Amino acid sequence: MSRRLPVLVAADTEDAKSARPVRLIAADEALEGRVGAWASANGFKGQKGRLLLCPDEAGEIAEALFGIGKGFEPMALRALADRLPGGVWRLDGVPNDQASLAALAFCLGSYAFDRYTKVGTEPSARLVTPDGVDVERVLDLARSCDLVREMVDTPAADMGPLQIETMAREIAEESGATISVITGDALLEANYPAVHAVGRAAIPARAPRMIEIHWNADKTDLPLLALVGKGVVFDTGGLNLKTGAGMRNMKKDMGGAAHALGLARQVMRAGLAVRLVVLVPAVENAVSGDAFRPGDILSSRKGLTIEIGNTDAEGRLILADALARAGELEPDLTLDFATLTGAARIALGPDLPPLYTDDEALAADLLAASARVQDPVWRMPLWAPYADALDSDIADLRNDSAAWAQAGSVTAALFLKNFAPEAGAWAHLDIFAWNPRGRAGWPQGGEVQAMRACFDMLKARYPG
C-alpha cells in the first residue's frame with residue numbers, strides 16, 4: 001500500500017510539545033531580529049512557495065519560513081510535506097477558516113506510490129493539527145483521495161476489471177452498501193451491449209463487467225445521487241491502435257472509475273442525506289480476433305445504435321450504457337467522471353478539468369465549491385450546433401465526431417448527453433487524473449481532480 005497517513009499530530013500530545021513553527025510570510029513582509037537577518041542574507045522575501053529553514057544560535061533548525069506571496073492558498077502547503085525535514089511542525093498564521101484545508105493539503109502532499117519499491121517511504125515530517133480541525137474528517141477525505149491516486153498509479157497488470165470489482169466490494173462492505181456485478185457474456189443478457197463490445201477482446205480473466213453499488217436504498221424519501229465512472233483499465237486504442245507514446249500511460253484510463261468510487265466512499269463515510277447508486281463499467285480495450293471494429297454498428301442499452309468510426313473512442317461507449325442505466329433509476333443528480341479526451345488537455349491543459357452541464361444551479365454550486373476547496377474546474381459549453389458532427393448515415397449516431405467540429409471534448413460531452421438521465425441534473429467531468437510534471441507535494445502520477453469540489457458541493461446540497 002502507498003498510504004502515508006496519519007501525518008497529523010493532535011495538539012494535546014507529547015509530540016506536539018516539541019513542534020517547531022512554520023511561519024507563513026507574505027511577500028515583502030517585514031522580518032526582524034536574527035530571523036530577519038537570515039532571511040535577508042538568503043534573499044527570502046515571502047516569495048510564493050519559497051521555504052527557508054532558520055537555525056538557532058547552536059546551528060540547529062529552529063523554525064521555517066514559507067512564502068505565500070500576495071495571498072494564502074492552502075493547497076500550496078502540499079509542498080511542505082515533501083520539503084520539511086523530519087520531526088513535528090506546527091503552522092503559524094493560518095486563518096481559522098482555512099485550517100482544515102491546510103491540514104488536508106499537508107496530508108495530500110504526504111502521498112507517495114511505493115508499492116513496487118524495495119524501500120518504503122514513510123513520512124518524516126508531521127504536522128500538529130491546527131485549532132478547530134476535525135482530524136478524523138480530514139484524514140478520511142485524504143484516504144479517499146489516496147485511494148483514487150493509488151488505483152490510478154497501479155499498473156494495469158494489477159488493476160484489471162477484477163481488481164476494480166474487488167475495490168468496489170471493499171468500499172461497499174465498509175459502509176454496508178450492496179453490490180452486484182454482471183460479467184462477460186452475461187452483459188448481453190442484461191442489456192449492456194456496448195460495455196460487452198468494448199471489453200470482449202480481453203482474455204476471460206479480464207472479462208468486462210458492470211459494477212453497481214446501492215447505499216441507503218430503503219430510504220425512499222431521500223434524493224437519489226448517481227455516480228458514474230469510466231473504468232477502462234488499459235486502452236490500447238483497439239484496432240485503431242495507439243502509438244507507443246500514446247499508450248504509455250493508459251493504465252490511468254480507469255481514472256473515472258477510481259474517482260467515482262473514491263467519491264462514493266466519501267459520501268457514505270460522511271453519511272450524506274442521499275440514496276446512492278454507483279455505476280462503473282470496467283473493461284480492457286484489448287486487441288484480438290474478437291475486438292470490435294471501425295465500421296461496426298453497436299447497440300446500446302438506451303436502444304440507440306452507434307456507428308464506430310474509431311475504436312479508440314471507446315470510453316463514451318461504455319459510459320453510454322452506464323448513463324442509460326442511471327436514467328432508469330430517475331436520479332435527482334448524476335455526476336460522471338471520465339478520462340475521456342485528449343482534446344480536453346489541448347483546451348485546458350492537464351491541471352484544469354472541463355465541466356459540462358446544462359443545469360445553471362449545478363454549475364454555480366460546483367464552481368463555488370471548486371473555489372472554496374481549491375480544486376479547480378472550468379465550465380465548458382454543451383454547444384448544441386456541434387451535435388450535427390455526431391450524425392451518421394447508417395446509425396442513430398457515430399462515436400467519433402466529424403472533423404469539421406474540431407472541439408473533441410465538447411462533442412464527446414454531447415455524445416454522452418444522448419444517454420444521460422432526463423430526470424434531474426447531470427454533469428460530466430472530463431478529467432486527466434494525472435500529474436505529468438512532478439514537483440514537491442504533487443508527484444508525477446495519479447492525481448485526484450474535481451472530486452473534492454464535487455464532495456463539497458454534495459455536502460452543501462445534502463448535509464448528513
Side-chain angles (χ1 to χ4, degrees), residues 4-13 15-57 60-111 123-135 137-139 141-142 145 351 370-376 439-443 452-453 456:
R4 297 176 66 188
L5 299 172
V7 293
L8 300 182
V9 176
D12 59 355
T13 62
D15 283 349
K17 294 178 181 178
S18 63
R20 292 169 288 181
V22 179
R23 294 166 55 189
L24 305 182
I25 308 298
D28 296 321
E29 179 178 335
L31 296 168
E32 299 178 350
R34 182 184 182 86
V35 170
W38 181 254
S40 179
N42 285 276
F44 179 87
K45 298 180 180 180
Q47 302 96 321
K48 184 178 178 180
R50 174 87 185 273
L51 177 68
L52 179 65
L53 302 176
C54 301
D56 59 19
E57 293 181 357
E60 300 292 332
I61 296 173
E63 63 178 301
L65 308 180
F66 187 71
I68 61 172
K70 296 182 179 180
F72 177 55
E73 297 178 1
M75 277 298 124
L77 298 181
R78 285 178 62 154
L80 282 179
D82 249 1
R83 295 166 60 193
L84 283 173
V88 181
W89 298 83
R90 69 172 190 271
L91 291 173
D92 287 354
V94 176
N96 289 339
D97 62 346
Q98 299 291 329
S100 292
L101 194 53
L104 176 64
F106 193 86
C107 291
L108 295 179
S110 298
Y111 170 85
S124 55
R126 295 184 294 157
L127 184 70
V128 175
T129 307
D131 291 339
V133 173
D134 187 328
V135 178
R137 284 186 179 272
V138 169
L139 290 177
L141 180 53
C145 292
D351 298 340
S370 167
R372 279 195 303 271
V373 299
Q374 293 196 335
D375 189 14
R439 58 205 190 277
W442 284 265
R452 293 188 297 105
D456 194 75

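Computed from a prediction, not measured in an experiment: that's the story for all the values here.
To the nearest 0.5 angstrom, L127 atom CG is 9.0 Å from S110 atom OG. Distance check: L52 CG to E63 CD gives 9.0 Å after rounding to the nearest 0.5 Å.
Taking R83 as the reference, nothing meets the side chain to side chain donor-acceptor pair (under 3.5 Å) condition, with sequence neighbours excluded. Here R439 pairs with nothing under the salt bridge (charged side-chain N to carboxylate O under 4.0 Å, His left out) rule; sequence neighbours left out. By the side-chain contact (heavy atoms from CB on, under 4.5 Å) test, P74 is found to be paired with F72, Q98, L101, Q374, residues two or more places apart in sequence or in another chain being considered.
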Counting only pairs under 3.5 Å, give me each side-chain donor-acceptor contact of residues 25-46, with atom names and distances, residues two or more places apart or in other chains.
{"residue": "E29", "atom": "OE1", "partner": "A26", "partner atom": "N", "Å": "2.9"}
{"residue": "R34", "atom": "NH2", "partner": "D56", "partner atom": "O", "Å": "3.3"}
{"residue": "W38", "atom": "NE1", "partner": "L53", "partner atom": "O", "Å": "2.9"}
{"residue": "N42", "atom": "ND2", "partner": "W38", "partner atom": "O", "Å": "2.8"}

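You'll find the side chain of M75 reaches within 4.5 Å of the side chain of R452, heavy atoms only. Between S100 and D134 the shortest side-chain heavy-atom distance does not fall below 4.5 Å. Considering only heavy atoms from C-beta on, L77 stays 4.5 Å or farther from V22 through its side chain. The shortest side-chain heavy-atom distance between D351 and P376 does not fall under the 4.5 Å cut-off.
Listed by first and then second residue, the salt bridge (charged side-chain N to carboxylate O under 4.0 Å, His left out) pairs involving residues 67-80 are K48-E73, R78-E447 (not counting sequence neighbours). Sorted by first and then second residue, the salt bridge (charged side-chain N to carboxylate O under 4.0 Å, His left out) pairs with a member in residues 85-104 read R90-D92; sequence neighbours excluded.
In terms of heavy atoms, L108 sits closest to A142 at CD2-CA, 4.5 Å. When all heavy atoms of W89 and A125 are compared, the pair lying nearest together is CD1-CB, 4.3 Å. The two residues A16 and A11 have their closest heavy-atom pair at CB-O, 3.5 Å. Between A81 and F106, the shortest heavy-atom contact is CB-O, 3.4 Å.
With D82 contributing its side chain and A440 its backbone, the two residues share no donor-acceptor pair below 3.5 Å.
Other residues, nucleotides and ligands contribute more than 12 heavy atoms inside 6.0 Å of the CZ atom of R50.
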